[in-house]
Trainee: 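Have a look at the structure that comes next, please.
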2 protein chains.
Amino acid sequence: MSNLTLEDIAKRCGVSRSTVSRVINNHPNVSDKVRKRVQKEIKNTGFRPHAAARALVSQRSWTVGLVLPRSVNSFFTDPYYPRLIQGIAQGCNQLKYTLGLYLITDSEDEEEIFPRLSRSGSLDGILFQSDQIGDQLIDRLAQSGIPLVIIGRPFHNDNISYIDIDNISAAIMAVNHLVSLGYQRIGTITGPLNTTVGIDRKNGYRQALQEHGFSVDEDLVVEGDFTEDKGYAGMLKILPAQPDAVFVASDQMAIGAIRALREKGLRVPEDVAIIGFDDLPLSNSADLHLTTVHQPVYQFGVKAVEFLNDLIITGTTPPRHIIMGTELVVRESCGAHIQQL
Amino acid sequence: MSNLTLEDIAKRCGVSRSTVSRVINNHPNVSDKVRKRVQKEIKNTGFRPHAAARALVSQRSWTVGLVLPRSVNSFFTDPYYPRLIQGIAQGCNQLKYTLGLYLITDSEDEEEIFPRLSRSGSLDGILFQSDQIGDQLIDRLAQSGIPLVIIGRPFHNDNISYIDIDNISAAIMAVNHLVSLGYQRIGTITGPLNTTVGIDRKNGYRQALQEHGFSVDEDLVVEGDFTEDKGYAGMLKILPAQPDAVFVASDQMAIGAIRALREKGLRVPEDVAIIGFDDLPLSNSADLHLTTVHQPVYQFGVKAVEFLNDLIITGTTPPRHIIMGTELVVRESCGAHIQQL
DNA sequence: CTTGTTTTTGGAAGCGCTCCCAATTTTTAT
DNA sequence: ATAAAAATTGGGAGCGCTTCCAAAAACAAG
């Protein structure tokens, strides 16, 4: 069906290859009459220019890669990534990019992926989920000169472009909210501390406590990994330290934490207040009205692609950083609605 | 860095472009001496052949597309899709394909996607999630001759290759299990009935009941959509009909259903037995030991890619169908463990 | 040391497209 | 009307690669 070439279309219209090319690419210098004729023929035949040929001559593949390192093990557990991917897909659609997905699975060495990513011509740019293990790979990619946007602040590489949300401020905002409601023993279930997200949110928590003159009780700090199970386990672990409020670093974990509380016969927020992080749809379902920090996951994905597109067009230096804001969503799990009554 | 061409490598090695090409593609007719020399040079320089140039001349892009229609709204709610995608990604890695992800988002018309998919040369083949709305698009793609594998039985198009699990048998197996345990009023919360999965599982349910001489009570049948919320709502709706067991068409919905039961003070399985479908990790977490139908989601994804690869190599006709088996996973939510004690 | 056979190598064509440049046509000004 | 300027068009080169074919080199046998 579509084994047609530019040349074929040209012949059928009695014009030259170049003219057809101009029509396809909306170049101005084509007479209306010819343009109409060619457009009609293209429509009739269903002709599509050959992507590879185009990519070869224009040195643009119109494909961007999304790399999710293996350590993102919450990929099929936490709705965060699917949502992010939706945003990225939307961004790609808008800018006419095709999205290439590179999930690094167990069998595949980080070594093996590099050639595939840097294979010249196959990718116009790369979105790379930040990740401790991947940091060396990030360095190599950056050096290869390919436009690269890290999703989430990378570990020790600050002279590289990345997009992130302001996790520290967000955590501070969350803890401030708890403090303002009068809670005294505020704990936290953190994200994985081998990620910058995990670290930043934890630091925000500490910082907020210190600003209010609270001391940080290490028994009130438990490391999680963003999964519901770890939220459940984390809450069980933190409970002996008798928190009256807990800042949980993801909604998914918050759900697990609340489940643990309920099983212990404790009420939320009366016995323990819970504040989550993410504000994904699940956080406001029928039996759960979680107070949480809203982060614009979908928009974040869209923005990441726009950012990458910018780097592709204008060059990768100097590295730039985009930090997106978050906001507090007050629902019922912290008791603010009770106090206001 | 990698702006090198074959020609450059050739020059550095004092051989011709053709020879370097042979080395890269492992053609036999190269002397060992030269081969070693060229391989070393390639390694040293980090040279990668230009993907587009290759694709142009060989008419193979080594990219396959995965299309998820908009109607897959449980995409970021149900762990099924992320898991499937992992399997597909794994299959692609194994066979050296790049995975192109096409999420049809709101803004994008089904019309718009067709040209992007059929653009000659950009895709070697397509995996297409079955979906009622997409059926016309599927027809057009099939006609364009591009290798195409539908994921899940398509609606009215049986002369096209697809891969599916045997949903009807699986549902029968699930209901048989309930019957064998002595339950009398067996209900179902179905999947969305505008999908073949939803329909097939529901038909299996009916068929099993009929085989056992039960009449089908329509009050015991409620339509869901695979989301937890609909599972919750479905159970509330079905409860007045006093089921003693319910076949829920996905684990995610089963979780919602169980939540509804618990809120009503009903016990699982003592008051109402629940059997789910999927057997994703979530179905066997701390407070939930769901009896369910295991479907090999990950392997299903891998297999789909292998199947597509087959079509790419050997041609798309005649259409073939791959049906994968399922198995019952007996845990605690149906009471089998109690009876056995 | 020929001749014939096999293996290895280089050159050239061409995949389908874009883009430059020169040739042609059209428009405008005189 | 003609000359000059502007708009439109066609031809050719070339993007980086594979692959065919013919030339060259290596090897075997007489």
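In what follows, every chain begins at residue 1, and chains take the letters A, B, ... in the order their sequences are listed.
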Trainee: Report for the helix from dC1(C)-dG30(D) to dT30(C)-dA1(D): angle between first-end and last-end helix axes, five pairs each, rounded to 10 degrees.
Mentor: 40°
Trainee: Is there a side-chain contact between His50(A) and Arg54(A), using heavy atoms and a 4.5 Å cut-off?
Mentor: no
Trainee: Any side-chain heavy atom of Ile150(A) sitting closer than 4.5 Å to one from Ile163(A)?
Mentor: no
Trainee: Do the side-chain N and O atoms of Asn309(A) and Tyr97(A) include a donor-acceptor pair separated by under 3.5 angstrom?
Mentor: yes
Trainee: Could you note down all residue pairs passing salt bridge (Lys or Arg N to Asp or Glu O under 4.0 Å) where residues 303-316 of chain A supplies at least one of them, sequence neighbours left out?
Mentor: Asp310(A)-Arg320(A)
Trainee: In whole angstrom, give the distance that lies between atom CG of Leu6(B) and atom C1' of dG10(C).
Mentor: 14 Å
Trainee: Grab the NZ-C1' distance between Lys11(A) and dG11(D) for me, whole Å please.
Mentor: 14 Å
Trainee: Can you confirm whether Ile138(B) sits close enough to Ile160(B) that some side-chain heavy atom of one is under 4.5 Å from a side-chain heavy atom of the other?
Mentor: yes
Trainee: Measure the shortest side-chain to side-chain distance between Arg153(B) and Ser130(B) over non-hydrogen atoms and say whether it is less than 4.5 angstrom.
Mentor: no
Trainee: Hey, can you tell me if His321(A) and Tyr162(A) have their rings parallel, tilted or perpendicular (30° and 60° cut-offs)?
Mentor: parallel
Trainee: When you measure from the side-chain N and O atoms of Thr19(A) to the phosphate of dG10(D), is any distance below 4.0 Å, counting only OP1 and OP2?
Mentor: yes
Trainee: OP1, OP2 of dT9(C) versus side-chain N and O of His27(B): anything below 4.0 Å?
Mentor: no
Trainee: Each nucleotide N or O in nucleotides 20-27 of chain D that has a protein N or O under 3.5 Å away: list the pair and distance.
Mentor:
none

Trainee: Is there a side-chain contact between Val64(A) and Leu123(A), using heavy atoms and a 4.5 Å cut-off?
Mentor: no
Trainee: Could Arg140(B) and Phe114(B) be counted as a cation-pi pair, given that NZ or CZ must be under 6.0 Å from the ring centre and within 45° of the axis?
Mentor: yes
Trainee: What is the distance from CD of Glu7(A) to P of dC17(C), rounded to the nearest Å?
Mentor: 9 Å
Trainee: Measure CG/Asn25(A) against P/dT8(D) and give the value in whole Å, please.
Mentor: 17 Å
Trainee: Among dC17(C), dC17(D), dG10(D), which nucleotide has an atom closest to any side-chain atom of Arg54(B)?
Mentor: dC17(D)
Trainee: Evaluate the side-chain proximity of Leu148(B) to Leu311(B): yes if any heavy-atom separation is below 4.5 Å, no if none is.
Mentor: no
Trainee: How close or far is atom C1' of dC17(C) from atom CZ of Arg48(A), stated in whole angstroms?
Mentor: 15 Å
Trainee: Pull out every protein N or O sitting under 3.5 Å from an N or O of nucleotides 13-15 of chain C, one pair per line with the distance.
Mentor:
| from | atom 1 | to | atom 2 | distance (Å) |
| --- | --- | --- | --- | --- |
| dC15(C) | O3' | Gln59(B) | NE2 | 3.4 |

Trainee: Can you measure Arg37(B) atom CZ to dT9(C) atom P for me and round it to whole angstrom units?
Mentor: 9 Å
Trainee: Could you list the residues that satisfy side chain to side chain contact (heavy atoms under 4.5 Å, CB included) with Arg17(B), not counting sequence neighbours?
Mentor: Leu6(B), Glu7(B)
Trainee: Can you check whether Val38(B) reaches Glu41(B) side chain to side chain, under 4.5 Å on heavy atoms?
Mentor: no
Trainee: Looking at residues 28-36 of chain A, who's got a heavy atom less than 4.0 Å off DNA chain C?
Mentor: none
Trainee: Under a plain distance cut-off of 3.5 Å, with no hydrogens placed, do Arg83(B) and Gln86(B) share a side-chain donor-acceptor pair?
Mentor: yes
Trainee: Please check the phosphate of dT18(D) (OP1 and OP2 only) for any side-chain N or O of Ser21(B) closer than 4.0 Å.
Mentor: yes
Trainee: Donor-acceptor check, side chain of Asn25(A) to backbone of His27(A), threshold 3.5 angstrom: yes or no?
Mentor: no
